[in-house]
Amino acid sequence: MFNLSANEWVTLGVLAAVLLTALAVALALFGGLFQARSLVRREFSAYFLSPIAYVVLVVFLAVTGHLFYVTLNLLTASGPRGTEWPMQTMFADERFWLVFLFIPPLLTMRLFAEERGSGTLEMLMTAPLRDWQVVLAKYLACLAFYAVLWLPTLVYLPALLGARWPVYPTNLDEWRAALLPYGALFLGGLVAMLLGLLLLWPRLGTSARVVSLALLVVGAVAAGVGGWLHYHGPGPYVLEVPVAGDPYPVLATYLGMFLAGAMFLALGLLVSSRVQNQMVAALVSLGLGLVFIVAGFWRPEQDGGLGYQLLYFFSVPLHFDRAFTRGLVDTRPVLLYASTAIFCLFLTVRSVEARRWQ
Amino acid sequence: MAMKQRAGRFLSRLHFLVRFVGLTGLLVGCVGLVLAGLQGLLSSWQTARDAAEVALREHQAEPGTWLVLGGAAAVLFALLIEALFVLRLTAARRSAFGFNAVVQIALAAALLVGVNVWSFRHYLRLDWTRSQQFTLPADVRSRLAQLDRQGKTTIVVYQRHKTFGALTDKPDRYDYAAERKVVEKVKDLVEQFREAGPQFQVVVLDVEEEGFDDKLAALTKDAPELRHAIESAPENSIFFHARRDADQTKGEAGPRELVQQLSFNEFYRLDKTASQEQNNLVLLAQGAGESGRGVEPFARKILNLEERRPRVGIAVVDEWLSTRGTDIYGLAGLKNVLAAHGFDVRDVILKEGLKSRGLPRSAVATWEERRLDELDQRIRFLDSLIRRQEGAEKAWAAEKRDNDLDLADVRLVLERNRNYRAALVEERGKLDVDALREQQRMSDLHGKLTRLLADCDLLLVPRPTLYNVAAGLDLSLPIWLHNLDEEQLAAVRDFLKAGKPVLVCVGPPVDRPTARIPPGFVASDGLENLLSRLGIHFGKQAVLFDAENEAFSLRRLGGLTGENVTPVPPLALDWPPGAGRPTGLTSPAAGLSPHPIRSALGVTARSLGHGHPLELRLRHPRPVYYSPPPGPVSGASALGLLSSPPGQGPLLAASALAPGRSEPAGGRAKPPFDPEFLMTDRASWNEEKPFPTDDYTPAYSRTPDDPGRGTLEERRRGPFPVGVALETAPPADWYGPGEPKPATLRVAAIGESWFLIGPELSAAKERLVLDTCNWLLGRDDALPRGDRPWSYPRSNLTPGSEAQQLWLWGTRLGLPVLFAWLGLVVLLVRRLR
């Protein structure tokens, strides 16, 4: 049926095996996290009850707000000034990275160090959860708060992208044309996601939780597939937001920020699992984070030599300066962030485990 | 028990010692790395490895190398002992779990390193931009993939901080902003090329940077041609440098250097006029391709590193008019401009005997041939002089006049003459005397000129005549001085017949009132007739400008002595269709789109901004008209495939001309664009007697009994076309049966020649020369184009508007305050009992 060589079949087989394994691992982790949902909820809500989270939020928004101010001034400047890549002006700036450096340590310092310091870790360890579930639950909660931290910055986008008022079908015929065939799938997916989220709110039993999560996942898949097919079709569309700028660099930047944050948070979590004092945890993870950020202040010459390539490989600000903020997704930083995050989480699990046989 | 305790303490201290050694080794290694880096040993893996090998084999190395090696040895030793220690621990049953964990961590770490090393070498850059801004066009990528990945190409980005300010003395914020942006774009493009092939190395040279000289010296240590190219670059440029194996057939000893140059302007060009109008920075992407990002000119240079430089033959009547001629008449500036933009130049001398009192005779020689004769003459003269001076010195010395001042003077002069002679002999030694003598023996002028022009791609014929007649400086040359004889003319026609382009720059054929044309010479020779066969008609008068009236009056009163007291108005680049003809006459090309050279000059002019015209001023030009000769429709001309503007396919010509009152349409098809590309200002007139005398001052007045009335020679007010460039089918009667005939040939004429002369050309004149040469050579993609603008994106918010202020302050202050309020509320709620 397929005219493939033996090598190609082997490659396809290996890829399929890897994908199946990844899927199995993801399902197992998802199952484990579902068991630890109370811990996730507790850790996540703890952020909103702690003043440090609000301090982080306020400082973060003050800095990004100032950078937005600078960027918008350039976008409305007169004369030969301007910015070709607004996201670059905002997020490749040294000031942003100077502040960003402090955020993951502040978010992660309390995760284990506080429990260890106050002696509640032993109690947590007696819960009917495995070590990796504890670690992942804390990590997921922290990552979720990190994502929440970024949500207010979405407010900047209409101005940065030059968005105009949304356009939607105005009569029945247009609605019919917009909904068929993929618009309906897209909207249905969104409704299912919303329903799933709403069902998560009240305290319901396990079966209801499973249903709400299933609605969320199925809805996300339906919305993703339906949206892709709908918006790649000829139109009319159920909702269209005309933008003057290029939205893809924005997408790439947020993806990069999420992955970079995931790495720094995992690093902070590892440090927090090793020390008792929160301040020490914050300082050590700040020091480790500096390794990945310091080259951003250096601004080396892009000569293409090995030195520059190595520096670029490890420098998160350079990744954003040269790639993400300009709509380029480079697999090197993506893999670096993901692999370092996974490695740090693995070490954290081992670190927590080590307490049992010390 | 005590023994056991003592042994334990000993082992503990030993362990401490080993760890101390390891840590100290790490410190020393780091110091060594810093030193090695300063000594340049870490510039690549290869240099680092070589340094280590030299140190280990020959025991000779820099201190940095020793420190690195020593430190590494200490660290390795400590790690080995640590590993043994861990093994010893794992031997105990209690540590088995711990060992298991250590192995897992080690494996995970190895996986982490392995995955990242693999990704470092094999990566993808997914271009998510809407217009695929960071993706090279597929054809460029496929051609780059065919390049030798081992052969290194160095891309030098040379910032001289003179790009868009080259045309004006005072670069402004637009020029500087454009330069910064173009540097960014160059770096982006280089990065994309590097993704396509690891053989590209980039060096940024900034003349304002600290240590520029050292960096340049290091870069060009073994690359003299690159150094020469960098040093002679007039503006910000990008150089592409590579080495290839020596070409033994050309007798080259070492590897050949290949250097290509691209100025920033050939990549992106500033449109200052549009920038000022739009209150933005508007750059114009150059090059012929469709990327609109300047990729194509960049790729063309990289892919054609071995491209032969086009050669321009310059045919002049004497050495002093050549590119190595005098400051007053020489073309040194022209040569510099052409050389700096990738052309080779060859002088061809067409007369001899100009320095003697008699009339000049036709000849054909290279500058080197003439130089050889001159050197021989000077050496002979010096020989006789030195002999005389030696005799005098001997005689005076014999008279024991050692202390005589005259004798000392003679010795000094003698020494100076000997040195001078030695220098001349040395220069002569560098000439290929045998080959030059062989060339000099050729008496067949047609054959010799044909041979000299054979490897030229373009022939330039400068014929300066009138020189600022109002200023009183008597530098004007008579037109007859430039006459070509039949044999020379035949060689030029053969050059044209081969489809090679010719640029003729010829001033007005008018001379001083007292001057007479010597017998055997004519005012308008066969070259003009040759060009008229192709559709170029030269006017007989000089164009004078109203601005010169005052100068003429002052001259008459004896009040003007300077040279450039009255500047003439710059040439117009924008004129209505059909302009430049006497009333009632219609240009055969009226209504056609502008010539590519004119459009290119227009784009250059736009980089100057409002209120700053392109300083392209020609004094006393002669009108040059496009006037197709009567004849049958032929070849490409008939099909309307003569040529087309850059970026467009061949255009079908418009229908045959409507018959004008006195200009023949001749049944030929119209060219796709107006061949007339230079036009004088309106405030001018055509004058047959431009030289002011005691009883005559040139001035415009209507002449009712003008014999030229109704023709192109009619005395009238401006504007006048003074430049024509066309691509046309060569006349069929030039070719014998079976003789190969090119479909078209390109030819251009400009009605003035002094603009080419002098030790340097102004930026505007430089552009005129380059654009004309590039068009004639068919390099239309090298002409500035203005159809692909780039500018900064702008928000739809009006600056200073309420909406903008709301955005600015709402996000800068509103959001943080909102969350601060929320935090405080949460705090208050938590305190609630």
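As the structure is a computational prediction, the values presented were derived from the model and not from experiment. In what follows, every chain begins at residue 1, and chains take the letters A, B, ... in the order their sequences are listed. All heavy atoms count here, side chains included; hydrogens, waters and symmetry mates do not.
Between the side chain of B/Arg794 and the backbone N or O of A/Gly162 there is no donor-acceptor pair closer than 3.5 Å. Not a single donor-acceptor pair under 3.5 Å links the side chain of A/Asp330 to the backbone N or O of B/Arg125. No donor-acceptor pair under 3.5 Å is formed between the side chain of B/Asp127 and the backbone N or O of A/Leu328.
Both the backbone and the side chain of A/Tyr248 come within contact range of chain B, each with at least one heavy atom under 4.5 Å from a heavy atom of that chain. Both the backbone and the side chain of A/Tyr69 come within contact range of chain B, each with at least one heavy atom under 4.5 Å from a heavy atom of that chain. A/Arg81 touches chain B through its backbone: at least one of N, CA, C or O sits under 4.5 Å from a heavy atom, while the side chain does not. Only the side chain of A/Leu255 comes within contact range of chain B, judged by heavy atoms closer than 4.5 Å. Interface residue B/Thr129: backbone and side-chain heavy atoms are both found under 4.5 Å from chain A. Residue B/Leu822 touches chain A through both its backbone and its side chain, counting heavy-atom pairs closer than 4.5 Å. Both the backbone and the side chain of A/Ser78 have a heavy atom closer than 4.5 Å to some heavy atom of chain B. Looking at A/Ala159, the atoms closer than 4.5 Å to chain B (heavy atoms on both sides) sit in the backbone and in the side chain alike.
Considering CG of A/Leu75 and OG of B/Ser795, their distance stands at 6.0 Å, rounded to 0.5 Å.
Ring-plane geometry between A/Phe313 and B/Phe120 is classed as perpendicular, the angle between the planes exceeding 60 degrees on a 0 to 90 degree scale with a lower cut at 30.
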